[in-house]
Amino acid sequence: MGDLSRRDFLHATSVGVMGAAVVRGHQPSAVSHQPTAISHTPTSTAPAPQRLSAFELEEVTLADLQSGFASGRWTSVQVTQLYLDRIATMDRQGPTLRSMLDLNPDALAIAADADQARRSGRFLSPLHGVPVIVKDNCDSHDKMTTTAGSLALEGSIALQDSTVVARLRAAGAIVLGKSNLSEWANFRGDHSTSGWSSRGGAVRNPYVLDRNPCGSSSGTGASIAANFAAVGIGTETDGSIVCPSNNCGLVGVKPTIGMVSRAGIIPISASQDTAGPMTRTVTDAALLLAAIQGADPRDVSTPVARGAGLADTASYLKLDALKGARIGVVRQSLTGYDVNTDRVFNESLEVLKQLGAIIVDPANIPHIDDYGKDEGTVLHYEFKAGVNAYLAALGPNARMKTLEDLIRFNSDNKARVMPWYGQEDFLKSQACGPLTDKKYIDARAKCVRLSRREGMDKVMAQHQLDVLVAPTGGPAWTTDLLNGDHFGGSSSTPCAVAGYPHVTVPMGRLHELPIGLSFMGLPWTEAKLLGYAFSYEQATKQRRAPKFLATLEG
């Protein structure tokens, strides 16, 4: 793929394809959070710099929250209200991030139940009583809708929870709300702008408001970076967790395909889709991944026993995890697009050496640029099959029943749904045949062969590597609704096509804009990758809270 994003590449081929002061004694306000849908008023100009008050929960971790609950400093109700108040004052006012689409009107009641359970001696997990934000393509059977950011699905209520949401609830978490995203997870048409949806408008990057948060998990990225919740869920087909994590200064985990169930998540690709954590620390990412991973009869890709041991973070989140690790540096196609990003990356390699890693440089991935067109073919075929199955499962009362219905709705409502770009991906997918077509079978086989056996597997075996590293991407670009995205590089495609794990951690900053360091490995090595990321994170402490600057100029 080179230095292009998944969506950029597909459209280029013939396939088309604030201060941290603590304010004690906070009293929850009497704000009503009904109705659930959040209304955003579009604006074409960047807002003036905001004078923001200190936020009591800024940069708190899961451990901080559980300690506060245990000591009586906070209750879950108080924490939930604090986050709701922050969303109310910053997502629709102030910096106007537009990162949220729905809020859960039952969040405070669920928080009260969590408090009661805690008083009764019941503690479900490190997520107990903690508000979590999930992306608006994850089904939740409650009063919130699931729409992929599209007006075509406005008002759609899922008949049951996605497995990810069900596992969050089982862990005692509070599903606080649904985040905005690139409409249809950035798989609708050419020249799209990451973070824009017809339901929610364009998500802003909390670091510099006229910069892009990246997509498609843009709303989760912006909201967690801005401290709207402790942790969040994103989804990725190719780049949609790691890119917004890069742009928004977060830890992002794209798991091995099959570690986290996709059941109840609006699909693009059965081969490449997955949900994963987006958090401010590696420890929180590990805890969140442990809560949502595991076998699921609703998703045949999930094996029975994979991912075991993730809950025991002490066994792999170690300061010396990098000591003796053989690290391969991927330079071909993943570096060279920005001199400043390369400089910070090279500095990070020196840190890895100081932490005891053995650096093999370069360790380029064979065929890294040879399967992009075939990836596009696979995604178009699988999207049609997947979205038709998803819509059919919404029940007889659903307005949209097929991809053809979505295409017709978009055409009939072009002014509202397609003011900036079209639906070329939808049309190409609709033109695809069944998954028994030779064209699809051959494209998928080529992707598997070149990305796995003749790609990542080969380079790691050749150099006896534990992990590959590269910059996750360049700094966030200026949002441009007219012309679409202009990415500064991406490392997502090798792991995305292979279905292998990918962890990004904050690596540094360029003029207030964060950039990430990617750790990429073989299947089911999430614990190892998280350990490497933890060691680097603790040695460098590169995560910084955003300043909500209006622009880099002035």
Side-chain angles (χ1 to χ4, degrees), residues 59 61-63 242 245-246 249-255 277-290 309-310 312-331 334-335 340-365 456 459-474 491-492 494-495 500-510 514-522 524-544:
E59 300 296 287
T61 65
L62 294 176
V242 297
S245 296
N246 176 82
L250 298 177
V251 176
V253 181
K254 197 288 289 187
M278 297 175 69
T279 66
R280 295 187 293 271
T281 70
V282 174
T283 301
D284 283 358
L287 293 171
L288 184 54
L289 181 58
L310 278 174
D312 181 20
T313 57
S315 67
Y316 57 92
L317 298 186
K318 298 179 178 179
L319 294 177
D320 63 352
L322 283 161
K323 187 174 182 180
R326 290 182 60 83
I327 295 180
V329 180
V330 185
R331 298 239 177 229
L334 303 190
T335 63
N340 291 311
T341 299
D342 286 352
R343 173 181 53 80
V344 177
F345 176 57
N346 289 330
E347 291 170 356
S348 77
L349 295 179
E350 292 301 315
V351 174
L352 297 177
K353 289 180 185 177
Q354 293 167 15
L355 293 170
I358 301 165
I359 305 297
V360 179
D361 185 3
N364 294 321
I365 302 172
M456 290 185 65
V459 68
M460 294 189 74
Q462 178 183 352
H463 297 290
Q464 298 180 310
L465 301 174
D466 294 296
V467 65
L468 296 169
V469 296
T472 308
S491 65
S492 65
C495 288
Y500 289 0
H502 185 165
V503 175
T504 180
V505 64
M507 179 173 70
R509 293 171 305 285
L510 295 173
I515 50 176
L517 174 64
S518 285
F519 293 89
M520 302 171 283
L522 297 178
W524 317 112
T525 58
E526 279 80 356
K528 182 187 288 188
L529 302 187
L530 286 164
Y532 299 152
F534 176 79
S535 180
Y536 180 84
E537 171 197 58
Q538 294 301 303
T540 60
K541 300 287 187 180
Q542 290 294 338
R543 163 71 191 175
R544 297 289 187 277

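Hydrogens, waters and symmetry mates play no part in the numbers below; they use all other heavy atoms, side chains included. Positions are given from 1, in the same order as the sequence printed here.
- With hydrogens and angles ignored, the 3.5 Å screen pairs a side-chain donor or acceptor of Asn346 with a backbone N or O of Asp342.
- Under 3.5 Å, the side chains of Thr281 and Thr61 contain no donor-acceptor pair of N or O atoms.
- At a threshold of 4.5 Å between non-hydrogen side-chain atoms, the residues Arg331 and Asp361 count as touching.
- In this structure the side chain of Leu529 reaches within 4.5 angstrom of the side chain of Val467, judged on heavy atoms.
- When all heavy atoms are compared, the tightest approach of Arg280 to Glu59 is CD-OE2, 3.3 Å.
- Residues Ser245 and Met278 share a closest heavy-atom pair of OG-CE, 3.6 Å.
- The structure places OG1 of Thr341 at 4.5 Å from CD1 of Ile515, a figure rounded to the nearest 0.5 Å.
- Taken from CG in Asn364 to CG in Leu468, the straight-line distance is 9.5 Å, to the nearest 0.5 Å.
- Checked by atom type and distance alone, the side chain of Asp466 never pairs as donor or acceptor with a backbone atom of Ile327 at under 3.5 Å.
- Here the shortest heavy-atom pairing between Val253 and Leu530 reads CG2-CD2, 3.9 Å.
- Side-chain contact between Val469 and Phe345 is present, with heavy atoms from C-beta onward closer than 4.5 Å.
- When all heavy atoms of Leu289 and Pro255 are compared, the pair lying nearest together is CD1-CG, 3.9 Å.
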Can you list the steps and then say if Ser491 with Ser518 is a side-chain hydrogen bond (donor to acceptor under 3.5 Å, both in side chains)?
CA-CA 8 Å; Ser491 65; Ser518 285; 3.1 Å; yes
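- Going from atom CG of Leu517 over to atom CG of Asn246 covers 10.0 Å, rounded to the nearest 0.5 Å.
- At a threshold of 4.5 Å between non-hydrogen side-chain atoms, the residues Pro506 and Val251 count as touching.
- The OG1 atom of Thr279 sits 9.0 Å away from atom CG of Leu287, with the distance rounded to the nearest 0.5 Å.
- Gln542 places a side-chain heavy atom less than 4.5 Å from the side chain of Arg509.
- Pairing each heavy atom of Ala533 with each of Val505, the nearest pair is O-CG2, 4.1 Å.
- A side-chain contact (heavy atoms from CB on, under 4.5 Å) with Ile358 is found for one member of Lys353, Lys323, Arg326, Gln464 and no other, namely Arg326.
- Salt bridge Arg543/Glu537: absent, no basic N to carboxylate O contact under 4.0 Å.
- A distance of 6.0 Å separates CE in Met456 from CG in Leu522, rounded to the nearest 0.5 Å.
- Looking at residues two or more places apart in sequence or on another chain, you find no side chain to side chain contact (heavy atoms under 4.5 Å, CB included) involving Gln462.
- Here the closest non-hydrogen pair linking His463 and Pro362 is NE2-O, 4.5 Å.
- From Thr540, atom OG1 reaches atom CE of Met507 across 10.5 Å, with rounding to the nearest 0.5 Å.
- A distance-only check finds no donor-acceptor pair linking the side chain of Lys528 to the backbone of Tyr316 [under 3.5 Å].
- A heavy-atom distance below 4.5 Å is found between the side chains of Leu510 and Arg343.
- For Tyr536 (side chain) and Leu352 (main-chain N/O), no donor-acceptor pair under 3.5 Å exists by modelled atom type.
- Residues Phe534 and Leu319 form a side-chain contact, since some pair of their non-hydrogen atoms from C-beta on lies under 4.5 Å apart.
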